[in-house]
Amino acid sequence: MIKNDAWIHTMAEGGMIAPFEPALVRRMDLQGTNVPVISYGLSSFGYDIRLSPKEFRIFRHIPGTVIDPKHFNPDNLEPSQLRTDENGSYFILPAHSYGLGVALERLAIPDNITTICIGKSTYARCGIIANLTPAEAGWRGYLTLEFSNSSSADCRIYANEGVVQLLFLEGDPCQVSYETRRGKYQDQVEMVTLAKV
Ligand SMILES: Nc1ccn([C@H]2C[C@H](O)[C@@H](COP(=O)(O)OP(=O)(O)OP(=O)(O)O)O2)c(=O)n1
């Protein structure tokens with residue numbers, strides 16, 4: 001069953017989501033002015049996490065090479081610069097490109113929960129597709145987040161504001177969690193983690 005706001009609140013206070021906002025945040029103070037933000041925090045049946053300002057990287061083509069998930073070449077990912085103006089801090093994801101960011105919140109997924117990461121409507125309306133991915137039972141760390149700009153226009157991706165929504169699905173306790181099978185992406189830090197084997 002999908003878990004509700006009351007459950008997410010209780011679990012977050014026990015360390016499932018940190019930092020945690022117990023209500024949806026729609027405005028914040030920026031350079032002394034109260035401005036609207038892309039919402040983050042607790043919603044009815046999910047939690048909207050923020051994009052970290054620490055790192056965002058964009059794929060680039062290197063002539064004569066292909067990306068190999070078994071031997072990922074970091075040169076294929078170019079660091080993007082964080083910019084700031086009166087609307088907030090943001091990275092630019094160019095038209096028809098793919099970028100990787102990292103969550104601002106650290107997660108600790110319980111052993112009986114699978115978490116699904118889905119896009120936010122505001123970004124969807126701008127042509128941004130958040131790659132649909134699970135965070136597994138027993139996984140801990142900062143999610144690496146993947147975005148495609150499917151439109152023909154460059155788009156801002158705001159840091160420190162909501163960027164994807166997490167849904168929490170409860171099942172019977174699993175026999176082998178991400179922790180017990182010693183998954184390779186366990187305890188990710190707040191930096192983009194590249195594909196590895
Ligand atoms: N947007 C996401 C989604 C998930 N994860 C983390 C949490 C997941 O529990 C973990 C998934 O790791 P796996 O080792 O299961 O990944 P794969 O199934 O892709 O591994 P493999 O290449 O071995 O098949 O990655 C992440 O950092 N960012």
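Start at 1 with the first residue, then count along the sequence. Atoms within a ligand are numbered from 1 in the order they appear, just like the ligands themselves.
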Side-chain contact, heavy-atom cut-off 4.5 Å: Pro173 with Asp111? no
Non-hydrogen side-chain atoms of Leu104 and Pro19 separated by less than 4.5 Å: yes
Check each of Leu145, Thr193, Val192 against Leu100 using the side chain to side chain contact (heavy atoms under 4.5 Å, CB included) test, and report the only one that passes. Val192
Hey, are the side chains of Gln81 and Ile92 touching, using non-hydrogen atoms and a 4.5 Å cut-off? no
Any atoms of ligand 1 less than 4.0 Å from a non-hydrogen atom of Glu146? List them with their elements. 1 (N)
Identify the closest protein heavy atom to atom 16 (O) of ligand 1: which residue and atom is it, and at what distance? Tyr185 CE1, 3.7 Å
Between Thr133 and ligand 1, is there a nitrogen or oxygen pair with a distance under 3.5 Å? yes
Sub-4.0 Å heavy-atom approach of Cys117 to ligand 1: no
Where does Pro134 meet ligand 1, judged by heavy-atom distances below 4.0 Å: at the side chain, the backbone, both, or neither? backbone
For the residue pair Phe59 and Ile67, establish whether any side-chain heavy-atom pair is separated by less than 4.5 Å. yes
Shortest protein contact, atom 22 (O) of ligand 1 (heavy atom only): Lys184 NZ, 2.7 Å
Given Thr144, Leu143, Val102, which one has a non-hydrogen atom that is nearest to atom 5 (N) of ligand 1? Leu143
Looking only at protein heavy atoms, which one is nearest to atom 13 (P) of ligand 1, and how far off is it? Tyr178 OH, 3.4 Å
Ignoring hydrogens, tell whether any protein atom lies closer than 4.0 Å to atom 18 (O) of ligand 1; use the non-hydrogen atoms only. no
Quick one: look up the protein heavy atom nearest atom 11 (C) of ligand 1 and list residue, atom name and how far away it is. Glu136 OE2, 3.1 Å
Hey, what's the ring geometry for Phe20 with His9, parallel, tilted or perpendicular (30° and 60° as the breaks)? tilted
Sub-4.0 Å protein heavy atom near atom 24 (O) of ligand 1: no
Minimum-distance protein heavy atom relative to atom 27 (O) of ligand 1: Gln188 NE2, 2.9 Å
In plain terms, say whether Glu136 and Arg181 are close enough for a salt bridge, that is, a side-chain N and a carboxylate O under 4.0 Å apart. yes
Within the structure provided, determine whether Tyr47 and Leu107 are in side-chain contact (heavy-atom separation under 4.5 Å). no
